[in-house]
Amino acid sequence: EKYVRKRLKILDMVDPGISRLRGFELGKLYQILFQKIVRDQSTKKRVQPELVLDMQRSLLESQFLLSGDIYAPPEVDENACLLRKALDPNAVEEIMKKILDKYKINTSVVTIS
């Protein structure tokens with residue numbers, strides 16, 4: 001997790017904005033956070049709500065950045081679709097607005113699905 005986050009910080013400096021590489025790194029971060037949450041739940045350790053939100057955001061942001069990429073891991077799209085079904089639509093919309101704001105994309109011209 002530490003190294004993926006470092007690479008994302010470097011990407012913020014070197015290549016800010018929408019980036020295919022950022023999408024792949026966020027996909028890796030999602031997988032790491034997901035495993036961390038599963039481990040915590042299996043050991044009856046309290047799962048931090050911030051960790052869950054970070055996992056959700058990283059997955060949806062990865063899907064957003066890799067949409068249309070034929071080399072994107074299929075599990076990113078599959079898991080993002082499952083997450084969208086599991087979450088309240090308002091929660092998904094809130095996460096997506098934050099992602100679009102991060103990349104300075106006008107939400108009035110984008111359909112959030």
Side-chain angles (χ1 to χ4, degrees):
E1 175 186 6
K2 176 181 166 182
Y3 295 111
V4 173
R5 288 189 188 276
K6 277 187 177 185
R7 287 193 298 270
L8 286 167
K9 282 188 185 221
I10 291 169
L11 276 172
D12 286 338
M13 292 184 291
V14 178
D15 188 17
I18 294 175
S19 155
R20 181 175 183 250
L21 180 56
R22 182 183 317 281
F24 281 102
E25 289 299 321
L26 286 164
K28 289 178 195 173
L29 180 60
Y30 157 74
Q31 291 174 336
I32 292 166
L33 296 176
F34 180 80
Q35 290 301 318
K36 202 173 194 181
I37 290 168
V38 168
R39 183 199 63 214
D40 288 352
Q41 286 180 332
S42 69
T43 60
K44 306 290 188 230
K45 188 175 175 185
R46 184 178 175 280
V47 177
Q48 300 295 322
E50 304 84 35
L51 188 64
V52 174
L53 286 172
D54 199 21
M55 179 201 66
Q56 293 169 346
R57 184 203 47 80
S58 63
L59 176 60
L60 293 176
E61 189 173 348
S62 177
Q63 182 194 37
F64 171 74
L65 294 172
L66 295 175
S67 65
D69 189 319
I70 61 171
Y71 297 109
E75 55 271 6
V76 168
D77 201 42
E78 293 164 4
N79 292 338
C81 288
L82 289 172
L83 178 62
R84 287 173 186 274
K85 288 178 185 176
L87 289 179
D88 176 63
N90 292 328
V92 173
E93 187 174 335
E94 186 178 320
I95 293 169
M96 289 307 300
K97 281 185 180 179
K98 287 179 183 177
I99 292 168
L100 294 174
D101 286 347
K102 176 180 177 179
Y103 296 106
K104 297 175 178 50
I105 296 173
N106 186 346
T107 56
S108 65
V109 295
V110 176
T111 303
I112 301 172
S113 57

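Computed over heavy atoms, backbone and side chain alike; hydrogens, waters and symmetry mates excluded. On a predicted model such as this, the values are computed, not experimentally measured, just so you know.
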Atom pair [atom1]/[atom2] of [X] and [Y] - distance to nearest 0.5 Å:
X     : Y     : atom1 : atom2 : result
Met55 : Ile37 : CE    : CD1   : 4.5 Å
Tyr30 : Leu83 : OH    : CG    : 7.5 Å
Phe34 : Asn79 : CZ    : CG    : 7.0 Å
Arg22 : Leu29 : CZ    : CG    : 12.0 Å
Leu87 : Leu60 : CG    : CG    : 7.5 Å
Gln31 : Glu75 : CD    : CD    : 6.0 Å

Minimal heavy-atom distance between Asp40 and Thr43, with the atoms involved, is O-OG1, 3.2 Å
Test item: Arg57 side-chain N/O and Ile95 main-chain N/O as donor-acceptor pair under 3.5 Å: no
Could you check whether any side-chain N or O of Ser62 sits under 3.5 Å from a backbone N or O of Ser58, counting only pairs where one atom can act as donor and the other as acceptor?
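Flag not set: sc Ser62 to bb Ser58 has no pair under 3.5 Å.
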Chi angles and distances behind the side chain to side chain donor-acceptor pair (under 3.5 Å) call for Glu61, Tyr103
CA-CA 10 Å; Glu61 189 173 348; Tyr103 296 106; 2.4 Å; yes
Can you tell if the side chain of [X] reaches within under 4.5 Å of the side chain of [Y], non-hydrogen atoms only?
X     : Y     : value
Met96 : Gln63 : no
Gln56 : Leu53 : yes
Glu25 : Leu21 : yes

Partner of Ile32 under side chain to side chain contact (heavy atoms under 4.5 Å, CB included), picked from Lys2, Arg5, Glu1, is Glu1
Item to complete: Go through Leu66 and Arg20 one step at a time and tell me if the side-chain contact (heavy atoms from CB on, under 4.5 Å) criterion holds.
Response: CA-CA 6 Å; Leu66 295 175; Arg20 181 175 183 250; 4.2 Å; yes
Open item on the list: Go through it in stages, so that I can follow the logic: the residues are Asp54 and Lys36, the test is salt bridge (charged side-chain N to carboxylate O under 4.0 Å, His left out), and I'd like the CA-CA distance, side-chain angles, deciding distance and then a yes or no.
Closed with: CA-CA 12 Å; Asp54 199 21; Lys36 202 173 194 181; over 6 Å; no
Checklist entry - More than 12 heavy atoms of other residues, nucleotides or ligands under 6.0 Å from NZ of Lys45: is that the case? => result no
*Crowding at CD, Gln48 (>12 non-hydrogen neighbours, <6.0 Å)*: yes
- Item | Linked, directly or transitively: Leu82 and Val76 (ILVMFWY side chains, under 4.5 Å) | no
#### Entry: Single-linkage hydrophobic cluster, 4.5 Å side-chain cutoff, Leu33 and Phe24 together
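Leu33 and Phe24: separate clusters.
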